Enquirer: 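Pasting in a structure now, in C-alpha cells, and then I'll have a few things to ask.
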Amino acid sequence: MKKLRVLSVFGTRPEAIKMIPLVRELARQEAFESLCAVTAQHRQMLDSVLDIFGLKPDYDLDIMESRQSLFTITAKALTGMEGVLAAAKPDLVLVHGDTSTTFVGALAAFYGKIPVGHVEAGLRTYDKYSPFPEEMNRCLVSRIAALHFCPTEANVENLRREGITQGVYQTGNTVIDALQTTVKEDYTFAESALRELDFEKKRVILVTCHRRENYGQPMEDILSALAEVAREFDDVELVYPVHLSPVVQEAAHRHLDGLPNVRLIPPVDVADMHNLMARCHLVLTDSGGLQEEAPSLGKPVLVLRRETERPEAVIAGTVKLAGVKKEDILAMTRELLTDEGAYAAMAHAANPYGDGTACRRIAAAIQEYFS
Ligand code: UD1
Ligand code: UDP
C-alpha cells in the first residue's frame with residue numbers, strides 16, 4: 001500500500017517541542033512517510049530542540065535574521081516553501097499553533113492545493129491584537145486547514161462557533177507527550193547555573209517573558225515587579241532563562257543585573273527546562289507552553305498577560321492571570337510567597353491538556369481522513 005507522505009513544517013522552539021513527538025510517531029507507523037521542513041525562524045533555540053530529540057530535518061530554510069520583522073519572516077519563509085513543496089510532494093502538510101511559520105506553512109500548502117492539518121487548533125482570545133500576531137495567524141490557519149487537532153473540548157467549541165465542524169478532532173496537546181519523555185527523578189542539569197541551585201534551601205521562581213505584545217511598557221512593569229520580589233524575599237531565587245530576542249535581552253539585563261538572588265541565564269534546553277519546572281516553587285511567565293506544562297507538574301503559574309487562550313488551567317485552579325501591571329504582579333506573587341493556604345490551593349497537578357497520547361490520536365485521525 002502507498003504510504004501517506006506527511007510533511008511537518010515548523011520553525012520556532014515551541015513548535016519544535018510540540019511537533020517532534022508527532023514527526024516521530026508518524027515515522028514509527030507503517031502507513032506514513034514522515035518528512036520535516038524547518039523555516040528556522042529561530043536558529044539557536046530551534047537547533048537546541050532538534051539536538052535534544054536527535055532529529056535532522058529534511059529541509060532547512062535557515063531564514064532567521066537578528067531583529068527580524070513579521071514582513072521578512074513571512075516573505076522569506078513563503079518563498080522558501082515553494083521549493084520545499086515542489087521537492088517533497090506531500091499528501092498532507094502539518095503545521096502547529098500560531099507563529100508566522102505556522103501561517104506561512106499553511107498558506108504555502110494552500111497555494112500548492114495540498115491539504116493542511118493544524119496541530120493545536122481552536123485556541124482563541126478573540127482580540128485581534130493580543131497575542132499579536134498569533135491570534136490572527138491561528139484564525140487564518142483555521143480557514144485553510146482540512147484537519148483540526150484540538151487540545152481540549154473548549155477549543156473544539158471555539159471552532160464550532162466559527163462554523164468549523166468537519167475534520168475536527170479533540171486529541172490533547174502533544175506537549176504532554178513530550179513532557180513524559182523529559183522529566184526524570186534522577187536528572188542532572190546540562191546548564192551549570194542550574195546544577196548550583198539548592199531547591200531545599202531556596203524557593204526557586206522560574207521566570208520567562210518574551211511576548212511581542214509585552215515589548216515596551218508592559219515588559220518594563222513586569223521586570224520592575226520581578227526586581228522588587230527579589231529585593232523583598234531573600235529566601236527566593238529567581239531563575240530566568242532569557243529569550244534571545246535582543247529586545248528582551250536588553251530589558252531583562254537592564255532591570256535585573258546585579259541582584260544577588262536573580263539568575264539571568266541563556267535559554268536552556270527543553271530537558272533542563274522541564275526538569276527545572278518539575279523542581280521549582282512557582283512559575284511566572286507569559287509563555288503559552290509553560291501554561292500547559294506547569295499545571296501537569298503541579299506548579300502554580302501566574303500569567304504575565306492580560307488574557308489567555310488557555311482558560312482550562314485557570315478553571316482547574318493552577319493558573320491565575322496576573323496581568324502586566326507592576327502592583328498587580330507584586331500583590332499576587334507576595335500572596336503566593338506568604339500565604340501557605342493560597343499556595344496550596346494552586347499547587348496541585350491538573351491535566352487539562354491531555355494524557356500524553358495526542359500524537360497517536362492525531363496519526364489515527366489522519367489515517368481516517370485519507371481512508
Ligand atoms: C516567535 C513567535 C511567537 C512564539 C515565540 C516562541 C511569531 C511572530 N512569533 O516570537 O509566537 O511565542 O517565537 O519563542 O512567529 N533570536 C535569536 N535566536 C533564536 C531565536 C530568536 O537570536 O534562536 C532572536 C533574533 O534576533 C530574532 C528575534 O529573536 O530576530 C525574534 O525572533 P522571532 O521569531 O521574530 O520572534 P519571537 O519573539 O521569538
Ligand atoms: N523552553 C525551553 N527553554 C527555555 C524556555 C522555554 O525549552 O529556556 C520551552 C518550554 O518548556 C516550552 C516552550 O519552550 O515547552 C515554550 O516556548 P516559548 O515560551 O518560547 O514560546 P510560547 O510557548 O510562548 O509560544
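Read the numbers this way: they start at 1 and go in the same order the structure lists the ligands and their atoms. Below, all heavy atoms of this structure are taken into account, side chains as well, without hydrogens, waters or symmetry copies. Only a predicted model underlies this, so the values are computations on that prediction, with no experimental measurement involved.
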Enquirer: Ignoring angles and geometry beyond distance, decide whether M45 reaches within less than 3.5 Å of ligand 1 through its nitrogen or oxygen atoms.
Expert: yes

Enquirer: Show me the pairs that pass ring-ring contact (aromatic ring centres under 6.0 Å, His included) and involve residues 48-97, at least two apart or across chains.
Expert: none

Enquirer: Between F199 and H281, does the ring centre distance come in under 6.0 Å?
Expert: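 Aromatic pair excluded; centres sit 6.0 Å or further apart.
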
Enquirer: Contact between V95 and V116 at the side-chain level, heavy atoms closer than 4.5 Å - yes or no?
Expert: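 In short, these two side chains touch, coming nearer than 4.5 Å.
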
Enquirer: Would you say H42 and ligand 1 have an N/O pair spaced under 3.5 Å apart?
Expert: yes

Enquirer: Please confirm whether E134 approaches ligand 2 to less than 4.0 Å, judged on its heavy atoms.
Expert: no

Enquirer: Consider every N or O of T99 and every N or O of ligand 1, then say whether any pair is closer than 3.5 Å.
Expert: no

Enquirer: Find the distance between CD (E293) and CE (M277) and round it off to the nearest 0.5 Å.
Expert: 4.0 Å

Enquirer: Does atom CZ of F110 have more than 12 heavy-atom neighbours from other groups under 6.0 Å away?
Expert: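 Not more than 12 within 6.0 Å, no.
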
Enquirer: Heavy-atom distances under 4.0 Å decide this one: backbone, side chain, both or neither, for E293 against ligand 2?
Expert: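 Within the 4.0 Å criterion, E293 contacts ligand 2 through side-chain atoms alone.
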
Enquirer: What is the closest protein heavy atom to atom 11 (O) of ligand 1, and at what distance does it sit?
Expert: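 Nearest neighbour among protein heavy atoms for atom 11 (O) of ligand 1, to 0.1 Å: E134 OE2, 2.4 Å.
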
Enquirer: Is there a side-chain contact between E15 and K18, using heavy atoms and a 4.5 Å cut-off?
Expert: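 SC-SC contact between E15 and K18 ruled out.
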
Enquirer: Checking a contact table here: which protein heavy atom is nearest atom 12 (O) of ligand 1, and how many Å away?
Expert: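 Ranking protein heavy atoms by distance from atom 12 (O) of ligand 1, first comes H210 CE1, 3.1 Å.
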
Enquirer: Between T102 and ligand 1, find which residue part has any heavy-atom pair under 4.0 Å and reply side chain, backbone, both or neither.
Expert: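 For T102, no heavy atom sits under 4.0 Å from ligand 1.
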
Enquirer: How far is atom 7 (C) of ligand 1 from its nearest protein heavy atom, and which residue and atom is that?
Expert: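 Scanning the protein heavy atoms, the shortest distance from atom 7 (C) of ligand 1 goes to Q41 NE2, 3.4 Å.
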
Enquirer: Would you kindly specify which portion of L290 sits under 4.0 Å from ligand 2, judged on non-hydrogen atoms: side chain, backbone, both or neither?
Expert: side chain

Enquirer: Looking at CG of L238 and NZ of K202, how far apart are the two atoms once the value is rounded to the nearest 0.5 Å?
Expert: 10.5 Å

Enquirer: Kindly assign one of parallel, tilted or perpendicular to the pair H210 and H243, based on the angle between their ring planes and the thresholds 30° and 60°.
Expert: parallel

Enquirer: Just heavy atoms, cut-off under 4.0 Å: does I17 contact ligand 2 by side chain, backbone, both, or neither?
Expert: side chain

Enquirer: Would you mind checking which non-hydrogen protein atom is closest to atom 35 (O) of ligand 1, with the distance to 0.1 Å?
Expert: R212 NH2, 2.6 Å

Enquirer: Please state which part of H210 comes within less than 4.0 Å of ligand 2, counting heavy atoms only: side chain, backbone, both or neither.
Expert: side chain

Enquirer: Just which atoms of ligand 1 are under 4.0 Å from any heavy atom in R67?
Expert: 26 (O), 30 (O)

Enquirer: Examine Q68 against ligand 1 and note whether any of their N/O atoms are separated by less than 3.5 Å.
Expert: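 Yes; the residue has a nitrogen or oxygen that sits under 3.5 Å from a nitrogen or oxygen of the ligand.
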
